Amino acid sequence: MVEHSQPNTHKAFHVGHLRNSCLGVAIAHILRAAGYRVQDANYIGDIGMHVVKCLWCYDRFHRGQEPEAPAAKGRWLGEVYAESDARLNFRDDVLGFLLLLSREDTAFVAAIDRMLKYLWRKGTDGEDIAYLLGRVTHAQPIKEDLLREENVIPKFWPIIGDQLRDQVANPVPYVAVDGQAEPTMTPAERLARWEALAEHMDEWWPRVPAWRINVRDTFQRWEGQEPEFVRLWQETREWSMADFRRIFDELGAHFDVWLFESEVEDEGKQIVRDLLASGLAEISDGLPVVKIDEKLGLEQETYRTLPILRSDGTSLYATKDLALTRRKFEQYGVDRAIWVVDARQSLYFQQVAKILELAGFEQAKQARHVGYEMVRLPEGVISSRKGNVPVYDDIRDAVAARASEIIAEKNSGLEPERRAEIAWQVAIGSLKYAMLARDNNKVIVFDLDEALSFDGHAAPYIQYAHARACRILEHARVDDAGIIASLAGLDFGALQPEELGLLQAIAALPDEVQRAAAEYRPLLIASYVFELAKRFNDFYHACPVLPSAEPVRTARLALVAATRQPLANGLGLLGIAAPRAM
RNA sequence: GCCCUCGUAGCUCAACGGAUAGAGUGUCUGGCUUCGAACCAGAAGGUUGGGGGUUCGAUUCCCUCCGAGGGUACCA
């Protein structure tokens with residue numbers, strides 16, 4: 001069983017999720033091709049803190065404001081989630097920004113220092129000003145609970161803005177200072193960030209603590225299964241699910257099993273009770289945990305300690321994964337369970353498997369985590385705080401539009417319907433290839449401009465080779481049966497190096513599949529199909545097929561047919577379509 | 001502190017201990033009257049982060065240092 005995709009409802013499906021789905025789909029295909037019986041499992045994060053935050057924000061600020069069109073609701077809900085996060089983290093964001101300024105900008109520190117001293121002399125909010133002053137000049141974090149007057153930051157905020165505006169208006173060339181980190185933001189970016197925070201400063205800052213309490217209360221509404229809340233959860237969850245079903249359909253991701261976090265909570269809590277009863281788990285500072293190293297008698301920190309339930313009795317990801325992992329082996333009868341989840345959770349999955357093993361569930365040894373690194377943008381990490389989350393739908397639209405444009409330009413004879421279909425295959429293929437032609441343990445730098453270019457090492461190169469092979473066979477008016485009938489008497493005459501190279505590439509597929517399956521590395525197939533397409537191009541340019549005299553013509557036609565098939569098959573393993581024309 | 005991953009051409013990436021470390025992209029030069037130019041040919045671009053070691057042979061394995069990212073008890 002390959003568990004992959006795992007999107008969270010009430011959140012946007014972005015380019016990071018895309019890598020996971022592409023990897024999961026490809027790994028499942030490759031394992032099947034290697035001879036295994038495989039089940040694809042999706043695990044929807046339909047409950048948890050993120051859902052509670054989103055629903056709190058919806059209920060409190062946006063009830064009834066959702067768009068009419070059903071197709072637009074999922075995305076809108078994701079925006080509400082992002083807003084809830086921004087509201088609840090507002091103070092942390094503000095203080096984090098101040099810390100960044102005080103660390104990176106000596107001019108800022110000097111100016112703020114002067115202004116604060118001035119205010120202090122005037123006797124304004126004396127102790128808080130002294131505290132802020134100390135923190136800023138020493139580039140130390142400001143702790144909000146050490147502030148005497150709660151609203152000192154909102155009062156202080158315009159002063160910071162004045163300074164930042166001044167820095168933008170009177171730019172000073174940047175001079176590197178030894179031992180000091182390079183600034184991560186330009187003065188203009190700092191000002192923009194300040195303005196974004198300033199917009200909500202007076203309204204949000206004072207309310208953050210109350211909001212946090214509200215969210216905790218909202219969590220209890222879920223735990224208590226309050227009917228009105230459950231209804232709201234079901235309704236909004238479906239908005240996201242409708243989106244997901246469409247996206248997975250577009251990506252060619254089909255699932256044999258749909259798992260939901262909301263469905264394994266009770267089972268998970270039961271396991272926690274069992275673990276506590278058996279003495280494997282214990283309550284430490286009020287928190288149910290398993291001290292794994294201690295139970296294993298390990299001196300060296302290895303598996304550490306895993307909390308398996310919140311101290312208030314609500315469930316954690318771990319609570320549910322313990323139940324789910326057992327269920328995969330017992331209820332679904334699998335003999336190997338694979339988690340395709342990003343590499344940050346690698347320790348966590350080792351912990352889950354080890355706890356089950358300690359509890360006597362031997363099959364947990366056959367649970368494997370296939371990790372992969374994150375997707376970044378050329379300008380940096382994807383972060384909802386920075387507002388640079390590339391939503392899947394937007395990327396897909398951009399790539400599809402570009403594909404359509406290029407097809408119209410290069411193959412104007414195609415009827416519009418066919419063009420639309422092929423544009424789609426090229427666009428999705430391009431995106432998928434960008435996600436798969438990189439090893440699992442490498443960070444992907446996703447550059448939309450690069451994804452929009454269909455030249456070179458990319459899916460369209462391979463799809464194009466396939467389309468040309470198809471066209472040759474079409475011109476020759478031969479089908480597979482005709483090719484097969486001719487095989488016995490093939491005569492290449494003097495075999496050309498390009499023909500030999502192509503033959504070798506064709507023959508390499510089975511070994512590549514086995515290796516890719518053993519190592520869970522679709523990259524090997526991605527490299528293979530590119531290499532095969534390149535060999536085909538070499539052959540194509542060096543060895544005319546249709547104009548050749550018999551018996552070479554028939555032999556080369558067979559070679560074209562024998563290339564077309566593994567090209568299509570290899571692309572298929574990656575979940576990429578192989579159009580017959582482009 | 002401890003653990004994991006990464007560091008290869010300007011940029012994005014390959015390379016199952018094995019030949020002169022390869023592609024793409026970008027730059028420069030050429031090729032459509034020829035099965036489709038989303039292609040092809042050529043030029044230029046490298047102390048594989050530094051230093052040790054194992055080996056007939058190291059980008060690959062081991063040690064060490066440097067740099068980047070991530071994880072490390074109530075996020076997922």
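Throughout, protein chains are lettered first and strands after them, A, B, ... in sequence-line order, and every chain is numbered starting at 1. Remember, predicted model here, so these are calculated numbers, not experimental data. Just so you know, these numbers use all the heavy atoms, side chains as well, and skip hydrogens, waters and symmetry mates.
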With [atom1] as the reference atom in both, quote the distance from [N] to [M] in angstrom, rounded to an integer.
| N | M | atom1 | answer |
| --- | --- | --- | --- |
| U29(B) | A44(B) | C1' | 11 Å |
| C16(B) | C6(B) | P | 13 Å |
| A41(B) | C66(B) | C1' | 42 Å |
| C2(B) | C63(B) | P | 15 Å |
| C61(B) | A23(B) | P | 24 Å |
| C56(B) | G49(B) | C1' | 28 Å |
| G10(B) | G45(B) | C1' | 8 Å |
| G50(B) | G67(B) | P | 15 Å |

**OP:** Quick one: look up who G57(B) pairs with, Watson-Crick or G-U, both distances under 3.5 Å, and put none if it's unpaired.
**Re:**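 Paired with no nucleotide.
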**OP:** For G69(B), give its Watson-Crick or G-U wobble partner with both distances under 3.5 Å, or none.
**Re:**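 Partner of G69(B): C4(B).
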Between the side chains of [X] and [Y], is a donor N or O closer than 3.5 angstrom to an acceptor N or O?
| X | Y | answer |
| --- | --- | --- |
| Asp266(A) | Gln270(A) | no |
| Glu223(A) | Thr314(A) | no |
| Ser315(A) | Arg310(A) | no |
| His10(A) | Thr236(A) | yes |

**OP:** Measure the acute angle between the ring planes of Tyr461(A) and Phe530(A), then classify it against the limits of 30° and 60° as parallel, tilted or perpendicular.
**Re:**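 Tilted, since the angle between the ring planes falls between 30° and 60°.
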Reckon [X] has a side-chain N or O less than 4.0 Å from the OP1 or OP2 of [N]?
| X | N | value |
| --- | --- | --- |
| His541(A) | C35(B) | no |
| Tyr528(A) | A15(B) | no |
| Asn441(A) | U5(B) | no |

Subject >> Interface with RNA chain B, restricted to residues 508-519 of chain A and to heavy atoms under 4.0 Å >> reply: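 Heavy-atom contacts with RNA chain B come from Glu512(A), Arg515(A).
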Original post:
How do Arg438(A) and Arg580(A) order along RNA chain B: which one's closest nucleotide is nearer the 5' end?
Top reply: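 Result: Arg438(A).
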Original post:
Rounded to whole angstroms, how far apart are NZ on Lys442(A) and C1' on U8(B)?
Top reply: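 Rounded to whole Å, this separation is 9 Å.
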Subject >> Of the listed nucleotides C3(B), A23(B), A15(B), the one nearest the side chain of Gln300(A) >> reply: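 Closest nucleotide among those given: C3(B).
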Subject >> Contact pattern, 5' to 3', of nucleotides 70-76 of chain B - B, S or - by protein heavy atom under 4.0 Å >> reply: SBBBBSB
Original post:
With a cut-off of under 6.0 Å to the ring centre and 45° to the axis, is Arg237(A) in cation-pi contact with Phe260(A)?
Top reply: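 Yes, Arg237(A) lies over the aromatic ring of Phe260(A).
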Subject >> Salt-bridge contact Arg212(A)-Asp92(A) (side-chain N to carboxylate O under 4.0 Å) >> reply: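 Salt bridge: yes.
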